[in-house]
Amino acid sequence: MTDVARTAVVTGASGFVATELVSQLLHKGYTVRATVRSVKNAEKTAHLQALGQVFSGKLDLYEADLLKEGSFDDVVKGAYYVFHTASPFQIGVEDPENDLVKPAKEGTLNVLKSVAKSKDTIKRVVLTSSFAAMVKMEKGPADGKLYRDTDWNDESKADKEGGYLYSKTVAEKLAWEFCKEHGIDLVTINPTAVFGPVISQRGDATSVKQIKGIIEHTASYVSPWVCDLEDVGRAHVLAAEVPKAHGRYLVTWPKLMNGKEVIGVLAKRFPQYKFPEDVPESESKEYADVSKLEKELGMTITPWQTSFIDMATSLIAHGVAKPVQA
Ligand SMILES: NC(=O)c1ccc[n+]([C@@H]2O[C@H](COP(=O)([O-])OP(=O)(O)OC[C@H]3O[C@@H](n4cnc5c(N)ncnc54)[C@H](OP(=O)(O)O)[C@@H]3O)[C@@H](O)[C@H]2O)c1
């Protein structure tokens, strides 16, 4: 019989962040119920099926859609932890209201409504929110502000530019309201742009596209704020397991990225390949306070160099990104 306290649900399990979380939970001995939109979609689920073969009997795939009420009832029934990561992550979409805000809000509400029906076993919900729900973009990243877990994004709107940031902000707010009203223990993880070693061969996640673009010379944008994929997975697991964990946890490398330095690190690791040169130099100053994460969850932030090198190495190894010879 499955031990309820070792049973975790991960929504949107086929995604970039969630796959790492599923893997970490399996390595820790959890039985994982992973939701995907279609079990039959091999392109999106092959890596989960492979993990299921390694951790035999420990990973079950369930079908669920954010936009279908009741879709998550079966999967959360009798579970102990629920990790809600599923939410569309795309920048610059034409119809942000329908493509981002609606699934983020309705999805969060649908998952939490299902949790409310199974409160007898569910100990805690960990929501994958984002730094997008904290950042104030109007002044830009380098305005001297030190971000911390109490910050809220009160600027973004449901337009082409800010649609994703807005969707994460309203979905997180909704989650706090619903959980307060229904007595559900909620913790949120708020990562900046996530980079690290990929497990799947999918190339469609926004984080993957950014590094793939740098490797293939089709883009040269480097996020000003970044964090490590394995740290994000670890933060989710600890946010569930550590009894005193509460509120929001900003996960990030605490200094702003200097794009030139990022390219320099990749070029040094892969001298046989060419990398874009048109990357602006910028000041790498401190902008975030991660002491809550360090003190309460006992975490140490992985240096950004590791995240970028691991991600590039895995994307090249999986054939997701094709490097340009020097
Ligand atoms: N990557 C980052 O830099 C970053 C930073 C901060 C926060 N986050 C958050 O982390 C979470 C995962 O993002 P990611 O980077 O891993 O992106 P991703 O790979 O695109 O994953 C998004 C996941 O959401 C699922 N999803 C989207 N619409 C859905 C729907 N209608 N019904 C069911 N599932 C749906 C996707 O399903 P399919 O697999 O079927 O497409 C996918 O599994 C999101 O909540 C995102 O906001 C990401």
Side-chain angles (χ1 to χ4, degrees), residues 9-23 34-48 61-69 71-72 75 83-91 93 98-111 114 126-135 153 163-172 175 188-196 198-212 221-233 235-236 248-253 257 304 307-308 311 320:
V9 172
V10 178
T11 70
S14 48
F16 167 67
V17 168
T19 296
E20 173 61 27
L21 173 59
V22 168
S23 166
T35 82
V36 295
R37 280 194 265 194
S38 166
V39 173
K40 290 197 199 87
N41 187 335
E43 214 177 297
K44 289 186 175 183
T45 60
H47 61 286
L48 293 176
L61 301 193
Y62 289 66
E63 284 188 357
D65 196 300
L66 292 174
L67 296 169
K68 282 192 202 139
E69 189 168 350
S71 205
F72 296 88
V75 69
F83 297 92
H84 176 38
T85 83
S87 201
F89 178 17
Q90 291 158 46
I91 303 293
V93 299
N98 280 310
D99 294 343
L100 299 170
V101 181
K102 193 167 184 256
K105 276 173 77 176
E106 283 185 23
T108 299
L109 206 53
N110 283 334
V111 170
S114 298
V126 180
L127 171 74
T128 315
S129 185
S130 174
F131 181 58
M134 297 174 159
V135 70
N153 172 359
Y164 170 69
L165 291 90
Y166 180 78
S167 76
K168 295 304 288 181
T169 308
V170 290
E172 191 195 324
T188 71
I189 300 299
N190 297 61
T192 49
V194 186
F195 300 101
V198 297
I199 294 173
S200 88
Q201 292 183 318
R202 285 182 71 170
D204 59 341
T206 295
S207 297
V208 172
K209 283 196 267 189
Q210 195 179 125
I211 304 304
K212 181 175 157 67
Y221 174 75
V222 177
S223 295
W225 29 62
V226 306
C227 67
D228 183 76
L229 177 62
E230 291 177 355
D231 284 358
V232 173
H236 279 78
R248 311 164 85 205
Y249 290 95
L250 170 57
V251 183
T252 193
W253 178 251
M257 279 301 100
W304 63 268
S307 322
F308 282 100
M311 186 146 187
V320 177

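Atoms within a ligand are numbered from 1 in the order they appear, just like the ligands themselves. Keep in mind the model is a prediction, meaning the values are calculated, not measured. For the single chain, residues carry numbers from 1 onward in sequence order.
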Among Val194, Leu229, Val208, the one residue meeting side-chain contact (heavy atoms from CB on, under 4.5 Å) with Met311: Val208
Rounded to the nearest 0.5 Å, what separation is found between the [atom1] atom of [X] and the [atom2] atom of [Y]?
X      : Y      : atom1 : atom2 : answer
Asp228 : Trp304 : CG    : CH2   : 12.5 Å
Ile91  : Leu165 : CD1   : CG    : 6.5 Å
Lys209 : Phe16  : NZ    : CZ    : 13.0 Å
Lys105 : Leu66  : NZ    : CG    : 14.5 Å

Give the residue, atom name and distance (to 0.1 Å) of the protein heavy atom nearest [atom].
atom                    : answer
atom 3 (O) of ligand 1  : Val194 N, 2.8 Å
atom 16 (O) of ligand 1 : Val17 N, 2.8 Å
atom 15 (O) of ligand 1 : Phe89 CD2, 3.5 Å
atom 32 (N) of ligand 1 : Leu66 N, 3.0 Å
atom 1 (N) of ligand 1  : Ser207 OG, 2.8 Å
atom 31 (N) of ligand 1 : Asp65 OD1, 3.3 Å
atom 6 (C) of ligand 1  : Pro191 O, 3.2 Å
atom 21 (O) of ligand 1 : Gly15 CA, 3.6 Å

So for [X], does at least one of its heavy atoms come nearer than 4.0 angstrom to any atom of ligand 1?
X      : result
Phe195 : no
Thr206 : no
Gln90  : no
Val208 : no

Establish, from distance only, whether the side-chain atoms of [X] and [Y] form a donor-acceptor pair under 3.5 Å.
X      : Y      : result
Thr188 : Ser129 : no
His47  : Thr19  : yes
Thr35  : Glu63  : no

Cys227 and Trp253: CA distance, side-chain angles, deciding distance, side-chain contact (heavy atoms from CB on, under 4.5 Å) verdict: CA-CA 5 Å; Cys227 67; Trp253 178 251; 5.7 Å; no
Those atoms of ligand 1 less than 4.0 Å from some heavy atom in [X]:
X      : result
Ala86  : 24 (O), 34 (N)
Ala205 : 19 (O)
Lys168 : 44 (C), 45 (O), 46 (C), 47 (O)
Ser130 : 6 (C), 7 (C)
Thr85  : 11 (C), 12 (C), 44 (C), 45 (O)

Have a look at [options] and point out the one with the heavy atom closest to [atom].
atom                    : options                       : answer
atom 7 (C) of ligand 1  : Gly12, Ala132, Ala193, Ser129 : Ser129
atom 47 (O) of ligand 1 : Phe72, Tyr164, Phe16          : Tyr164
atom 9 (C) of ligand 1  : Val198, Thr128, Ile189        : Thr128
atom 23 (C) of ligand 1 : Ala18, Ala64, Ser87           : Ser87
atom 33 (C) of ligand 1 : His236, Glu43, Arg37          : Arg37

With backbone taken as N, CA, C and O and side chain as the heavy atoms from C-beta onward, which portion of Thr192 lies under 4.0 Å from ligand 1: side chain, backbone, both, or neither? backbone
Would you sort out whether Glu20 and Glu230 count as a side-chain contact (heavy atoms from CB on, under 4.5 Å), showing the intermediate values? CA-CA 7 Å; Glu20 173 61 27; Glu230 291 177 355; 3.6 Å; yes
Could you tell me whether a side-chain N or O of Arg37 sits under 3.5 Å from a main-chain N or O of Ser14, the two making a donor and an acceptor? no
Counting N and O atoms only, with roles assigned by atom type, does the side chain of Ser167 sit under 3.5 Å from a partner on the main chain of Val101, one being a donor and the other an acceptor? no
Evaluate Phe83 against Thr128 for side-chain contact (heavy atoms from CB on, under 4.5 Å), listing each step before the verdict. CA-CA 7 Å; Phe83 297 92; Thr128 315; 5.9 Å; no
Salt bridge (charged side-chain N to carboxylate O under 4.0 Å, His left out) between Glu172 and Arg248: does it pass, once the steps are laid out? CA-CA 10 Å; Glu172 191 195 324; Arg248 311 164 85 205; 2.7 Å; yes
